[in-house]
Amino acid sequence: MGAITYDMEIPSSIPADKMFKAFVLDGDTIIPKVLPHAITSVQTLEGDGGVGTIKLTTFGEGSIHKSVKHRIDSLDKENFTYSYTIIEGGALDVFESISYHIKIVTSADGGSICKNRSIYQPKCDAQVSEEEIKAGKERASGIFKKVEAYLLANPNAY
């Protein structure tokens with residue numbers, strides 16, 4: 001089975017610069033705050049937050065996976081792009097690799113659109129269902145929308 005790639009776009013009323021700062025640059029603090037049952041912490045294990053940094057995300061009770069480690073592959077603060085690859089834990093029992101590519105762009109109404117490309121490379125004998133892919137998309141969209149709700153409730157935060 002070849003790589004599974006999916007793209008999705010999530011609109012937001014929050015301007016691109018504020019959304020990028022909250023979702024990407026400050027996400028290690030904000031995401032566990034807005035989704036404490038799902039993500040309990042994000043810790044930097046190695047690096048300074050830039051390319052090559054290794055982070056550990058720990059999931060809440062009831063999660064299928066306990067934790068994942070990911071490596072930052074690219075980070076462009078001016079163009080609001082961010083890419084990372086899962087390097088340990090999580091679904092790597094089924095996948096050779098999982099990478100995410102995020103770009104937040106300004107929308108016509110002054111808000112933003114989060115463009116997310118996810119690339120899953122299954123192990124040779126792994127089978128991945130449409131339901132699993134759909135569930136992954138819903139989780140990603142849910143995280144983005146929780147960060148948006150946090151920013152709407154805390155307009156002076158950024």
Of all residues at least two apart in sequence or in a different chain, which pass the side chain to side chain donor-acceptor pair (under 3.5 Å) check with Glu61?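 Listed in chain order: nothing, the list is empty.
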Linking Ile, Leu, Val, Met, Phe, Trp and Tyr through side-chain heavy atoms less than 4.5 Å apart, which residues share a cluster with Ile64?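 For Ile64, no cluster forms, as it stays isolated from other hydrophobic side chains.
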Share the residues that join Ile113 in a hydrophobic cluster, the rule being Ile, Leu, Val, Met, Phe, Trp or Tyr side chains under 4.5 Å apart at the heavy-atom level.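 Ile113 clusters with Val105.
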Heavy-atom donor-acceptor pair, [X] side chain to [Y] backbone, under 3.5 Å:
X: Asp26; Y: Thr29; answer: no
X: Thr85; Y: Ile87; answer: no
X: Asn79; Y: Thr81; answer: no

[X] side, atom [atom1]; [Y] side, atom [atom2] - distance, nearest 0.5 Å:
X: Leu56; Y: Lys66; atom1: CG; atom2: NZ; answer: 9.0 Å
X: His70; Y: Ser83; atom1: NE2; atom2: OG; answer: 11.0 Å
X: Ser112; Y: Lys18; atom1: OG; atom2: NZ; answer: 11.5 Å
X: Ile54; Y: Thr44; atom1: CD1; atom2: OG1; answer: 10.0 Å
X: Leu45; Y: Thr53; atom1: CG; atom2: OG1; answer: 10.0 Å
X: Leu25; Y: Ile30; atom1: CG; atom2: CD1; answer: 9.5 Å

Taking 4.0 angstrom as the limit, do Glu9 and Lys115 come out as a salt bridge?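 Salt bridge present between Glu9 and Lys115.
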Is the closest side-chain heavy-atom distance between Ile86 and Ser97 below 4.5 Å?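 Not in contact.
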Taking C-beta and beyond as the side chain, do Pro32 and Val42 meet within less than 4.5 Å on heavy atoms?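 Side chain of Pro32 against side chain of Val42, heavy atoms only: contact under 4.5 Å found.
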[X] to [Y] - nearest heavy-atom pair and separation:
X: Gly50; Y: Ile72; value: O-CB, 3.6 Å
X: Glu96; Y: Lys123; value: OE2-CG, 3.4 Å
X: Pro11; Y: Phe144; value: O-CE2, 4.3 Å

Can you label the angle between the Tyr120 ring and the Phe95 ring as parallel, tilted or perpendicular, going by 30° and 60°?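 Aromatic pair Tyr120/Phe95 classed tilted.
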Which pairs count as salt bridge (Lys or Arg N to Asp or Glu O under 4.0 Å) when at least one residue sits in residues 145-158, sequence neighbours excluded?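 Applying salt bridge (Lys or Arg N to Asp or Glu O under 4.0 Å) to every pair that reaches into residues 145-158, excluding sequence neighbours, yields Lys145-Glu148.
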For the pair Thr40 and Phe59, evaluate side-chain contact (heavy atoms from CB on, under 4.5 Å) and give the outcome as yes or no after the intermediate values. CA-CA 6 Å; Thr40 59; Phe59 300 111; over 6 Å; no
When hydrophobic residues are tied together by side-chain contacts of less than 4.5 Å, even through go-betweens, does Leu75 share a cluster with Ile119?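 In one cluster: no.
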Pairing residues for Tyr82 by the ring pair (Phe, Tyr, Trp, His ring centres under 6.0 Å) criterion, not counting sequence neighbours: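 Residues passing ring pair (Phe, Tyr, Trp, His ring centres under 6.0 Å) with Tyr82: Tyr84.
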Residue pair Asp73, Val51: steps toward the side-chain contact (heavy atoms from CB on, under 4.5 Å) verdict: CA-CA 5 Å; Asp73 298 323; Val51 173; 5.9 Å; no
Before you tell me yes or no, could you show the steps for Val68 and Glu88 under side-chain contact (heavy atoms from CB on, under 4.5 Å), namely the whole-Å CA-CA distance, both residues' side-chain angles and the distance that decides it to 0.1 Å? CA-CA 6 Å; Val68 296; Glu88 186 178 304; over 6 Å; no
For Tyr150 and Phe23, run side-chain contact (heavy atoms from CB on, under 4.5 Å): C-alpha distance rounded to whole Å, both residues' side-chain angles, the deciding distance at 0.1 Å, then the answer. CA-CA 10 Å; Tyr150 171 82; Phe23 188 64; over 6 Å; no
Only one of Ile102, Ile14, Val24 forms a side-chain contact (heavy atoms from CB on, under 4.5 Å) with Cys114, so which one is it?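 Answer to the side-chain contact (heavy atoms from CB on, under 4.5 Å) test with Cys114 among Ile102, Ile14, Val24: Ile102.
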Between Ser107 and Asp109, is any side-chain donor less than 3.5 angstrom from a side-chain acceptor?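 Checked: Ser107/Asp109 side chains pair up, N/O donor to acceptor below 3.5 Å.
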For Arg117, which residues count as a salt bridge (charged side-chain N to carboxylate O under 4.0 Å, His left out) partner, sequence neighbours excluded?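 Asp7.
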